[in-house]
S.K.: 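Mind having a look at this structure? Questions to follow.
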Amino acid sequence: WDEPIVFELSTPGERGILIPSVEPSVREAVGDVVAALPEGMRRPAPPALPEIAQMRVLKHYLRLSQENLGSDLNVDIGQGTCTIKYSPKINDQLIEVPQLRALHPAQDPADTQGALEMLWRLERLMAEISGMDAVSLASPGGSAGIWTNIAMIRAYHASRGEGEQRDEVITTIFSHPSNAAAAKVAGYKVITIHPDTDGYPDLGALKAALSERTAAIMVTNPEDTGIYNPAIQEWVEAAHAVGALASYDQANAAGILGITRARDAGFDVCQFNLHKTFSAPHGSGGPGAAANAVSAALEPFLPGPRVERVDGRFVVREAGDLSIGHVAPAHGVILHVVRAYAWIMALGAEGMLAASQIAVLNNNYLLQRVLEIPGASAPYATGRRRIEQVRYSWQELFEQTGITSEEIGIRMADYGFHYWTSHHPYVVPQPFTLEPTECYSKAEIDEYVSALAQVAREARETPELVRTAPHNQTVHHTHHDDLDDPERWAITWRAYRRKYFGETPADFSAPADLAGAAA
Amino acid sequence: WDEPIVFELSTPGERGILIPSVEPSVREAVGDVVAALPEGMRRPAPPALPEIAQMRVLKHYLRLSQENLGSDLNVDIGQGTCTIKYSPKINDQLIEVPQLRALHPAQDPADTQGALEMLWRLERLMAEISGMDAVSLASPGGSAGIWTNIAMIRAYHASRGEGEQRDEVITTIFSHPSNAAAAKVAGYKVITIHPDTDGYPDLGALKAALSERTAAIMVTNPEDTGIYNPAIQEWVEAAHAVGALASYDQANAAGILGITRARDAGFDVCQFNLHKTFSAPHGSGGPGAAANAVSAALEPFLPGPRVERVDGRFVVREAGDLSIGHVAPAHGVILHVVRAYAWIMALGAEGMLAASQIAVLNNNYLLQRVLEIPGASAPYATGRRRIEQVRYSWQELFEQTGITSEEIGIRMADYGFHYWTSHHPYVVPQPFTLEPTECYSKAEIDEYVSALAQVAREARETPELVRTAPHNQTVHHTHHDDLDDPERWAITWRAYRRKYFGETPADFSAPADLAGAAA
Amino acid sequence: MSEPFVHPYIPNTAPEVKAEMLAAVAAASASEFYADVPADLRLHRPLNVPAPLPAEQDLARHVRGILAQNRTTEERLSFLGAGTYNHYVPAVVDEVIRRSEFLTAYAGEPYEDHGRFQALFEYQSLMAELLAMDVVNVPTYDGYQAAATGLSMAGRLTGRGRVLVVSDVLPEKDSKVRDYVRAALEIEVVPTVDGTADVAALRERLGDDVAAVWVETPSFTGAVETRLREISDAAHAVGAVVVVGTDPIGYGVLTPPALHGADIVTGDIQSLGLHQWFGGAHAGFIAVHDDPRFVMEMPSRLFGLESTDVPGEYGFGDVAYDRTSFAHREDGKEWVGTAAALWGIAAGVHLSLMGPQGMAELGELLLARTRYAQRELSAIPGVALGDGALHLREFTVRFSSASAPDLVAALRADGIEPGVVVDDSTLLVCVTETTSAADIDRLAAAIAAALNTREEQAA
Amino acid sequence: MSEPFVHPYIPNTAPEVKAEMLAAVAAASASEFYADVPADLRLHRPLNVPAPLPAEQDLARHVRGILAQNRTTEERLSFLGAGTYNHYVPAVVDEVIRRSEFLTAYAGEPYEDHGRFQALFEYQSLMAELLAMDVVNVPTYDGYQAAATGLSMAGRLTGRGRVLVVSDVLPEKDSKVRDYVRAALEIEVVPTVDGTADVAALRERLGDDVAAVWVETPSFTGAVETRLREISDAAHAVGAVVVVGTDPIGYGVLTPPALHGADIVTGDIQSLGLHQWFGGAHAGFIAVHDDPRFVMEMPSRLFGLESTDVPGEYGFGDVAYDRTSFAHREDGKEWVGTAAALWGIAAGVHLSLMGPQGMAELGELLLARTRYAQRELSAIPGVALGDGALHLREFTVRFSSASAPDLVAALRADGIEPGVVVDDSTLLVCVTETTSAADIDRLAAAIAAALNTREEQAA
C-alpha cells in the first residue's frame, strides 16, 4: 500500500460516524447551549480534523496495520530484552466481554466481584512466584512499576526519618535504564556499577559504593546480557548491611520462573512485567502492566486502592497513611491482569517451569548457532551458559566490512524479521540482542539464524546491498537528520504543513514569551 | 511471506490445543472405549494431520490472510455482479455475542425470542421492500434462494396437477446462470432468450417461447449488463397469460431499492441476496443468505420452519403439507439475518433510497470515465444510462494489442485492485464487469479508473509487461494446464504427494470398480 | 435528518461531491438514471419501514436489546444435538475467520487472493487426511446439500434412478434431500434393525437399477454403522455407488468410511470449529477418490495446487472449471454459487490445531462420555436405551411411562435442555466435550427426580 | 499430564526436538543452563499454585465463570464518571486495535513497522488539531502521569519550585501528582470559588518563584474554567508556565486551552474511543507549542515525519531521541517505557471517524444533556447544584437533608448508579451521549422518590 496521511483522505461533508441528536425535550428545556456559552468559550472554528466516510477510515487503518509486523506475524526473536512471547488468543477473547469492558471502578463492589476476585487471585499467584508477602497490580507499565518501587523505598526511608540522609541509589549498567531514570525523578543521585572483566556485576565496586547515604540498590537480574549474577545474595546482604533496601527489576524473569525467587535472595521489593514475562501483548508499545511484590515490611507502602478478601467476598480498601497513594487510575490495567492470570492458569507450576527451561534452552541453542556466524560474538562470560537472552556484537564484522549493526537490522527487515537496534546502554560495540523466549520452535530459530547469516554474508560480499537497505519495505531509506533539527522536525501534520508549506492554521497560537522563565 | 503448505510445518509431538482428559469416574465406569470398539472400527493409524504448536498455526493463517484482498482492504469495484458493499463493522460486533453464538435451534422458544424476533422483523422488512406478502430467510445462499424459488414453483404446479405438463423454464442469457442451472436440477428443460440488438431482453422471443409447457420465467433485472428491462411488466403478464409463474432473481437489486418492487411488476416470487444487496460480508465465498419473498398464492409453498407472532410472542411452526420442506438446517443463516436487519435499520427508507441512487450515480460516473479509456467500450444500449453495473469490453484493445481482458485483470492486481474475470456467459467479447456500489467515494473510483487506464496504456506500450504479470504478487504466473488433466491435478496435499512424489499414504484406498456403473 | 442526507456508509452523499459527479455525467438528479424503469412501476412513496437509527450507538442499543432476550447454552445445561452441536471452538479459529481479509474477500483471482486459495486448498487437504480420501470440495451449503448432491452424482454416474437408504436419517435432512433429488431419483427406505442397517434386507432389494446405497453414520440417533464393508461390497457387486452422510468428528479414532468401501463421503463440518449459531453456521463436504468419473460430477469448486514460473513455488487454481454452472449454465453439474467457504477455512484452522493426537483424544472422549451417559441414564428406572448399537455423541432413550415432551418441560424449569424430542416416548440426547461427567450426572439426577415426581403424582 | 509435558504455547516441549536441541548444545538437561544460580537460591519444589487448566475450554470456562459475577453498566443505569467515562466506542475503533498487527507489535523500526509509526504520528496530528497545538507526544500512561510530567517540565524549564493549583483536582490524581513531583516541586492550593479559579487570589500568590499555574478544566467537578486567558496572562507576566489538565472531549465546541494561553496541555484520552475497562484503559497526552524549549523537556517518544530516498514519500522516526532515558538513562528527561501506544491508535481512529462535525455535535450533546440533568436534578426539593459554573459532562449536587451514601445505596437497589460520592452530602453525577434524556428523567424520578421515602420515614 502507498497509503496517504489520514488528513489527505478528507472530502468535505463526508461523515465517519453519526452522533445521536439532542432530544427535542432537552433542546426545549435548555435552548441552544452552544450559542449560550460565555464569551470566548465557543471555539471560533471547528478543529481541522479530516472528513472521511467510515469504510475509508477502516481501510486506512487496516492498511497501516498490514504495514506492521506484530509478534503474531513474524519470528520476533530480534527484540531482545522485550520478551516477545505468544499472547494466547483465548486470553484476548476472555477479556473482550462486557463483564470487563463495560465495568466502572466506582460501581457497587457487589457488581464487580469478578474483577476484584481476578485482582486478588493474581496478587496471590504473584506472591508465590516471587516469594513475597504482598502484591499490587496498580502500576500501568514496567517502568511505572520501577517507579512504584522507588516511590515505596523513598516513603519507607522517610517514615523512618532517613529520607534526607539516604539520597543515593545504586544500579548496574546492564540493568534497565528506567531504574536509574526513576531513581533520578524520585530525587536520588544515581551511582552506576559496571561489570567486572567477565561481565558479571562487580561486587567489590558495589561494596565500595554502598554507604549510609544509600537508599537502595535497584538491579535487573539476569541483566540484559543474559548473565545471572551469581553473587546476588551477597549484593542484597551488602545493601542491607548499610540499611539500604534491595529492589529487583524482574523484567528479565522469563527464564527463572519456578527456578529462583526474589524473596529467597533477600530482596525487599520487585516488579514483574505482565506484558513480557506473563504473555500480555505489547500493544505497539503499551498498555503494559507491572506486578509490584514486597516483603511484609514494605506492605504498608503499597499503592492503593487495595483489594481484600473478607468472608469470601472481595472488598476495596483505600490504602493507609504510609501508602504512596494512587499511582494510576483505579486498580491498574485489568485487561493484562486477566490475561496474565489466564496464562498462569493454562500452565501451572509445571508449565511455568517448562516455559523457563525451554526459553533458556532456546537461548543457548541460539547462542551456539549465532556464534557460528563469522563476525558475530557474545562478549563477556565466554563459554558460559546464558539465561534467557544474549547481547551479541557485530564488532568483528564491522571492522572487516564497515557495516554497522543498525544496517544489518534494516536489511533483516527485508527478510521479514524484526531486529531491535535500541540496546541501551551502548557499552557493547555494534550490539544486537536476541531473546528467543519459549515460544519459538527450533525451525523458527533456525530460520532466523539463517537470515542473520545471510545478511552477514551480504555484508562481506555485497555491502552496498546492505548499506542501501531497505529494498523490500513499505518505505525506503529515511533521512533521520530531519528529526533532530527543531527547524525541520515535524511532530504533527499541522506542524509539517506550516514548516514546509507555510500553511499557518487558523487556530495557531505562538508559544508564550516566558521572559522570566529562563532565569 | 513465502508461507509453506500447512503440512510442511509439522514437527512430531507438537500440540496446537489440548483436549480435556476423560474423567477418572468416566474411565472407571466405561473402561477403554477405544480398545472396545468392534472389529475394524478402530482407525488403524491416526490421520496424517500436521502437528504444530498454537502460535505457529495462528501465524500461518494470519500470513495467508495477509496474502488476500478483502473488500475492507481494497477498492472492490472490479468484482462486477458481486455487489461488494461495505459490511459495517458494528454489524459484525452485534452478531459476535453469546446470545447468538451459543444458541441452539431446539432450545425452548422462550429462550430464543430474540433470535425469532430478528427473523420475524427482517421478514416483514423484506416483504415491504419487495412488495410481497410472505418471506422465508431459510435459504443459505443466493443460488440456494434461486433453487428455493424453482422448488416452490414446481410444488405449486404439482399441487394444481400441472406438474407433468409444465416442464420448461425460460430465462435470459444475462440472467445469473444459477437460474438456468437450478431449473435444470429441478427437472426442467431450460430455454434461454438472447437480447435484442440494443441489448434489451427480447419480448418477442419470450412470447414465442411461452406455452402451456412453461412452468416459469426466471429472470434477473437489471441484468448483469446493468440494463433494466423496461418491458418487465409485459414479460410477467405474458408469462401469466400462459399460466406460468414469474420468478425474479433480485441479485442485482442494489440500484433499485425503494425505486421499484418485484410485486408491483407482477412477480410471484423473488429472492434477494443478503450478502450482496444488504451488506453482509462475502466470507471468501460464503456463507451467503437469501430472502425468498412470495405472493400470498405461493406462501403455502415456502420452506419451513416458519416463525409467527402470536400475542406478542414468537412461535415456531413446522410448514404445512404444501411446503417444499426444509431447504437447510434450522432457520437459515442467522448471522446474515442480523447483519441485514442492522444495515436496513441504520439506513431506513431514505437511506436505502440514497444507497440505490448513489450506487447508480457512481456507476454512471464510472461508465463515463471508463469510456474515456481508448480501447474500452460498453456494448449494448449505447448512450443510455445504466443501473448499478456495466459489462464492458476490451475487444478493441485486444484487436489492437493482442492483450486479453484476463491479462489486464492479472496486471490490475499488481496495482492492488481486484478484477474478476468470470463473466458468465462469455457473450460479450473480452469482457470486464465493474460495479462501484454506493460504498466508494469519487476519489476511489477515480483511483481505480486511473489504474485501468494505466494498464490499457501498458498494453499498447509495453505489452510484454502485461502479458507476464503478475510482477508484484505473492506468487508468479501459474500454469493452469496442471488443473484440467486428471493425471496432474492435485486437489489435496495427499494427492499431490502421491502423484508427484509417489508417496502413497497408509490409509489410501483405490476407487471402487463400479463395473456396472458405466452401463 | 432534515439537512442533506449524509450517511457514513455512503461517501458520495456528501453534497459537494455528489453535485460534482452529477455535473460530470450531465444529470440533473439521480432519477435520470432510471429512465428505463416505467413510471407506473416506480414506488412513489418512501418504503414503509421503521424510523432508522443512523447513530451507531442507537443501532447497537436497539439490536442488543432484542438479542438480550435470548438465553444461551452457556446459561442452560444443554444436551441438544440433532444436527447442530455444541463443540468447543478454539479462540484461534475465531480469530482467523474474523480477519477482514478473509471475512470480506470474495471472488478474487489466485494471484491477489493467494491466501484464500491456499487456505481452502489446505482445508481440502486436511479433511482428506481425516477422511482418507484424495478429493474434497470447497464447502457447499451444509451436510443436507452435500448428501443430496452426493446422491445426485451417483444418479448421473450410474444413469440409474433408485436409491436405497439403510440408516435413520435426520427428518429435516431427509426432507431436503428428497425434494432436491426428486426429478432424478426415488428414495426407498430399508428400515434399520436395532439402530443400524439391515444388511440382509438391503441385499434383497439391491439390483442393477440401484444408483446408490445411502448410509448415515453416525445416524440420526447417533448410531455408528459397523457393517459398512458388507454394505459396500453388496452395492459394488451390482454397480451401485455407496454414498455416506457423516460427521467427521470421530475419525481420530474411528475408521473412516472410505476404508470400508464408501465411494462418496458427504457430511457437515459444523462440529469442526463452528459455534452453534442457532443452527445457522453449517457447511457441507463431499469427498471422493481421485477418479475423474467422480471428480467430474462434482458441482463445487475444487482448488488445486499448480506450478508457477518460479521452480518450487506453489500456485493455486480451479480444477476442471468446465464442470461448473459458471462455465456452462444448465449444462454444468448442478450449480455453484456463494456457499460456505469461510466455514471451510474455520475447519482447516481447527484441524491444524487439533492434529492427529487432538482428534484421537477428542474421539475417545466423545465415545467415553456417550457410553457413560448411556449407562447413567439407562440405570434410571423407567428409562431404556433406544437400541443396542455403538453410539457416538448421540443416542436415544425411551421412557416406559413418561411423556418425552412433559419431561423436557419439567427439566427446562431446572435450566436443563435434556435433548430433542423424537416422539412421545423418545428423547435424543447429545453429549460433547463441553458436557462434563458432572453435567451428565446432573442430567441423570434431574431425569430421575422428574420421573419420581411423576410417579408420585400418579400414585 | 503424567506423560512428557507438552504444551501448545511451548513448541519445543515436543520431546524429540527438545532432545535434539539439548544434544546440539551438549547439555544433559535444562538445569545445566542455571549454573550461575546458586543452589541455595533455587526453589527445590514446585510453585504452590492451583492445578492448571491446560485444555483451553477448561480455562475459558473457569475464567468466564469468575467474570460472570460482574454486572455491567449495560445492565445498570450508570451516572459514574470521576475520571473513567462511559462514552460510546465505534466498532471500527475496536476492530483496528484488536488487529494482531497492532496488538502484538512492539518496538519495531520505522521500516518494518511503518504502519505503527504512521498511525501514532496521525494520532499526534489529530490530537494537535483538536487541541490547536503543534506538538503532541506518543501517549504516556494516563492523565495523572501527563499532568505530573507537565508540571515537572515546567519545573525544569523555569528552575523554580512552586506550583499553584487553582482548580478542584480529582483526589486520586492529586495523590499521584503530588508524590511524583515531590522531589522537585511544592504544590499549593488556591481554593476555587463557585467551582472555578479564584483569579484574584491567584494574582496575589504569584511571584517569580512560581514554576507553574496548574488548571484543571473540566475540573474534578466538571466545571469548565472560563477565565483561563486571565490566568495565563497573570502567570506569564511572572514567567510561570500554564499547565492545563483536561479532557479533550469538548473541544469540538469549546475553545481549546492553547487559544487562551496555556503552555502545556495535558489530559487523558479514555473518552476518545476507549471502553471503561474497570478504569484500566487510560492514556495520557502532553501537548506543547513547537518550541524546542518545551519539546526538549518531554520524556515520551515523539514520532516525526521525514523524507526518504524517494521524493514525496513519507518516512517516520523518533524526534530528538537524545532527550530520552533510553539514550541517557538518568540524564534523560524522566523516563520512557512501555506506556499506552495502542490507546493512542484507538483515539486516532476515533477522531478520524468523528471528524469536525462529529466532535462538534458530540460537544453540543454533552453540554445540552449536562445542563438538562442539572435542571432536572436541581428541580427536586432538597437537591441543589454544587456551584454555578459552566459544566461539561459532570456536576455535583448537594442534598440538604439526605446522606449521599444512603441515597446511592437506595438507588442501587433500583439498578441505578447515581454518581460518585464526594462527601456525605455531595454526589458527582456524570452524563454522556450514552445517557439519554429518558435515562436522566429516570434518575431524577428515582432520586425524588428516594428522598420522599426518606422524608416519610423521618416523619
S.K.: Among Glu95(C), Glu74(C), Met359(C), which has the most heavy-atom pairs under 4.5 Å with chain B?
M.R.: Glu74(C)

S.K.: Tell me, side chain or backbone of Gln107(B) under 4.5 Å from chain C's heavy atoms, or both, or neither?
M.R.: both

S.K.: Side chains of Gln99(B) and Thr72(C) only: does a donor on one sit below 3.5 Å from an acceptor on the other?
M.R.: no

S.K.: So which atom in Ser178(B) and which in Ser143(B) form the shortest heavy-atom distance, rounded to 0.1 Å?
M.R.: OG-OG, 2.7 Å

S.K.: Shorter than 4.5 Å, heavy atoms on both sides: which option in Arg371(C), Gln357(C), Glu433(C), Glu334(C) has the most such pairs with chain B?
M.R.: Gln357(C)

S.K.: Taking 4.0 angstrom as the limit, do Glu417(C) and Arg412(C) come out as a salt bridge?
M.R.: yes

S.K.: Below 4.5 Å from any heavy atom of chain C, which atoms of Tyr61(B) appear? Answer side chain, backbone, both or neither.
M.R.: both

S.K.: One thing to verify: whether Asp92(B) and Arg98(C) come together as a salt bridge, which I'm taking to mean a side-chain N less than 4.0 angstrom from a carboxylate O.
M.R.: no

S.K.: Is chain C contacted by the side chain of Leu353(B), its backbone, both, or neither, given a heavy-atom distance below 4.5 Å?
M.R.: neither

S.K.: Does a side-chain N-to-carboxylate-O contact under 4.0 Å join Glu364(C) and Arg369(C)?
M.R.: no

S.K.: Name the option with the most non-hydrogen atom pairs under 4.5 Å to chain C; the candidates are Ala106(B), Gly325(B), Ala413(B).
M.R.: Ala106(B)

S.K.: Counting only non-hydrogen atoms closer than 4.5 Å, does Arg116(C) touch chain B with its backbone (N, CA, C, O), its side chain (CB onward), both, or neither?
M.R.: both

S.K.: Heavy-atom cut-off 4.5 Å, strictly under: side chain, backbone, both or neither for Asn68(B) against chain C?
M.R.: both

S.K.: Is the shortest distance from a Lys or Arg side-chain nitrogen in Lys176(C) or Asp142(C) to a carboxylate oxygen in the other one below 4.0 Å?
M.R.: no

S.K.: Where does Leu335(B) contact chain C at under 4.5 Å (heavy atoms): side chain, backbone, both or neither?
M.R.: side chain

S.K.: With a 4.5 angstrom heavy-atom cut-off, is it the side chain or the backbone of Ala48(B) that approaches chain C, or both, or neither?
M.R.: both

S.K.: Is it the backbone or the side chain of Gln79(B) that comes under 4.5 Å from a heavy atom of chain C, or both, or neither?
M.R.: side chain

S.K.: Between Asp264(B) and chain C, with a heavy-atom cut-off of 4.5 Å, which part of the residue counts as in contact: side chain, backbone, both or neither?
M.R.: both

S.K.: If we define contacts as heavy-atom pairs under 4.5 Å, which of Val49(C), Asp290(C), Val92(C) has the most with chain B?
M.R.: Asp290(C)

S.K.: Do the side chains of Arg385(B) and Asp36(C) get close enough for a salt bridge, i.e. N-O under 4.0 angstrom?
M.R.: no

S.K.: Measure Ala27(C) against the heavy atoms of chain B and call it side chain, backbone, both or neither at under 4.5 Å.
M.R.: both

S.K.: Fit a plane to each ring of Trp493(B) and Tyr496(B), take the angle between them on a 0 to 90° scale, and name the class: parallel (under 30°), tilted (30 to 60°) or perpendicular (over 60°).
M.R.: tilted

S.K.: Which bit of Ile387(B) is near chain C, if near means a heavy-atom gap under 4.5 Å: side chain, backbone, both or neither?
M.R.: side chain

S.K.: Between Asp318(C), Leu342(C), Thr308(C), which shows the greatest number of heavy-atom pairs under 4.5 Å with chain B?
M.R.: Thr308(C)

S.K.: Which bit of Val224(C) is near chain B, if near means a heavy-atom gap under 4.5 Å: side chain, backbone, both or neither?
M.R.: side chain

S.K.: Do the ring centers of Tyr141(C) and His282(C) come within less than 6.0 Å of each other?
M.R.: no

S.K.: Heavy atoms, side chains only, cut-off 4.5 Å: are His289(C) and Phe294(C) in contact?
M.R.: no

S.K.: Taking the side chain as C-beta and beyond, is there a heavy-atom pair between Tyr228(B) and Leu41(C) under 4.5 Å?
M.R.: yes

S.K.: Would you mind telling me which of Pro46(C), Gly83(C), Pro292(C) has the largest number of heavy-atom pairs within less than 4.5 Å of chain B?
M.R.: Pro292(C)

S.K.: I need the residue from Gly315(C), Pro50(C), Ser125(C), Ala360(C) with the largest number of non-hydrogen atom pairs under 4.5 Å to chain B.
M.R.: Ser125(C)

S.K.: For Ala183(B), which atoms come within 4.5 Å of any heavy atom of chain C: side chain, backbone, both, or neither?
M.R.: neither

S.K.: Heavy-atom distances under 4.5 Å only: say whether Ile232(B) touches chain C with side chain, backbone, both or neither.
M.R.: side chain

S.K.: What part of Phe7(B) is in contact with chain C, defined as an atom under 4.5 angstrom from a non-hydrogen atom: side chain, backbone, both or neither?
M.R.: side chain

S.K.: Sort Pro38(B) into side chain, backbone, both or neither according to what part of it lies under 4.5 angstrom from a heavy atom of chain C.
M.R.: side chain

